[in-house]
Protein chains: 2
Amino acid sequence: MTPSVDDKSLPPNHKELMAEAVAEACRGVECGDGGPFGAVIVDNKGNVVAKGHNMVLVTKDPTMHAEMTAIRNACKALGKFDLSGHTLYTSCYPCPMCMGASLWARFDAIYYGATAQQVRLDDIII
Amino acid sequence: MTPSVDDKSLPPNHKELMAEAVAEACRGVECGDGGPFGAVIVDNKGNVVAKGHNMVLVTKDPTMHAEMTAIRNACKALGKFDLSGHTLYTSCYPCPMCMGASLWARFDAIYYGATAQQVRLDDIII
């Protein structure tokens, strides 16, 4: 990942947060919940408020992508639907559904670990 | 709504299904759940398998748009994440998040009652 902003504006644990998003993706695969995608949401001090991984298989719900799961977990934890002041770390560039949800959640920033091409999402439909 | 396909291919209760999506939108507003948006999902015989309305306010979750709620309800009712063979009726043209979710759900068709412009979504952010 190559941050598009000055490193000075990034939280001190920036790299660890992305590593945690990737670790969350691994956890989701290990327990058979869904595809290899993970996400972490942090406040403006870099504190983790929620995590999530792809849960399409276990929930039988096509909307349960990693970013969506993390957004729902964060909103539940914070008791509000407006996540401005927060940042999303996701292991892979969000699909249109998840990017739309991220915009509705009003994140201050989104960082992704890999492009869809890099993870060879050959079966991507949208 | 002006169907883009031959009327002969539409279910016999096509107009009633869209009216039900609009009625679902009204119900959501009346009970204070969220914005004025409703959706209905039907099988290939026109039988309703799930409904949903915007529940952003009551759930404090920005992803709980009408289409998303209906998709989740349908998947729960049918026990599967693949809604091919089904059609979505929604009171308003889906936002990018909901269109993305609808593509992941693999609907055979989507019918919408109004454009975003027609319902004056002046505060739309995406």
Side-chain angles (χ1 to χ4, degrees), chain A residues 28 32-35 37 39 41 49-50 52 54-86 88 90 92-108 110 116 121 123-126, chain B residues 28 32-35 37 39 41 49-50 52 54-86 88 90 92-108 110 116 121 123-126:
Chain A
D33 283 354
F37 304 98
I41 294 171
V49 299
N54 185 296
M55 299 184 74
V56 169
L57 296 180
V58 70
T59 60
K60 297 183 174 64
D61 179 343
T63 75
M64 291 295 275
H65 286 197
E67 297 91 333
M68 304 288 281
T69 306
I71 289 170
R72 289 171 199 163
N73 290 342
C75 291
K76 190 174 181 182
L78 299 170
K80 61 181 181 179
F81 58 75
D82 184 340
L83 298 180
S84 56
H86 292 75
L88 173 69
T90 178
C92 185
Y93 188 83
C95 78
M97 173 182 72
C98 293
M99 183 60 84
S102 298
L103 291 169
W104 284 120
R106 301 176 188 259
F107 288 119
D108 284 8
I110 300 172
L121 277 178
D123 64 346
I124 197 164
I125 62 168
I126 64 174
Chain B
D33 284 353
F37 304 98
I41 294 171
V49 299
N54 185 296
M55 299 184 74
V56 170
L57 295 180
V58 70
T59 61
K60 298 184 173 65
D61 180 342
T63 74
M64 291 295 277
H65 286 197
E67 298 91 333
M68 303 288 281
T69 306
I71 289 170
R72 290 170 197 164
N73 290 342
C75 291
K76 190 175 181 181
L78 299 171
K80 60 182 182 178
F81 57 77
D82 183 340
L83 299 179
S84 57
H86 292 76
L88 172 70
T90 178
C92 185
Y93 188 83
C95 78
M97 174 181 71
C98 293
M99 183 60 83
S102 298
L103 291 169
W104 285 121
R106 301 174 187 261
F107 288 119
D108 284 7
I110 301 172
L121 278 177
D123 64 342
I124 197 164
I125 61 167
I126 64 174

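As the structure is a prediction and not an experimental result, all values here were calculated from the model. Below, read A as the first sequence line, B as the second, and so on, with proteins coming before strands; counting in each chain starts at 1.
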### Message
Between A:Pro62 and B:Asp82, is there a side-chain heavy-atom distance shorter than 4.5 Å?
### Response
no
### Task
To the nearest 0.5 angstrom, please state how far the NE2 atom of A:His65 sits from the OG1 atom of B:Thr63.
12.5 Å
### Task
Give the minimum heavy-atom separation between A:Trp104 and B:Cys95, together with the two atoms involved.
NE1-SG, 3.3 Å
### Query
Can you name the nearest heavy-atom pair linking B:Cys75 to A:Lys60, along with the distance?
CB-O, 3.2 Å
### side-chain contact (heavy atoms from CB on, under 4.5 Å) between B:Met99 and A:Met97, worked out
CA-CA 7 Å; B:Met99 183 60 83; A:Met97 173 182 72; over 6 Å; no
### Query
So which heavy atom on B:Phe81 is nearest to which on A:Asp61, and how close?
CB-N, 3.7 Å
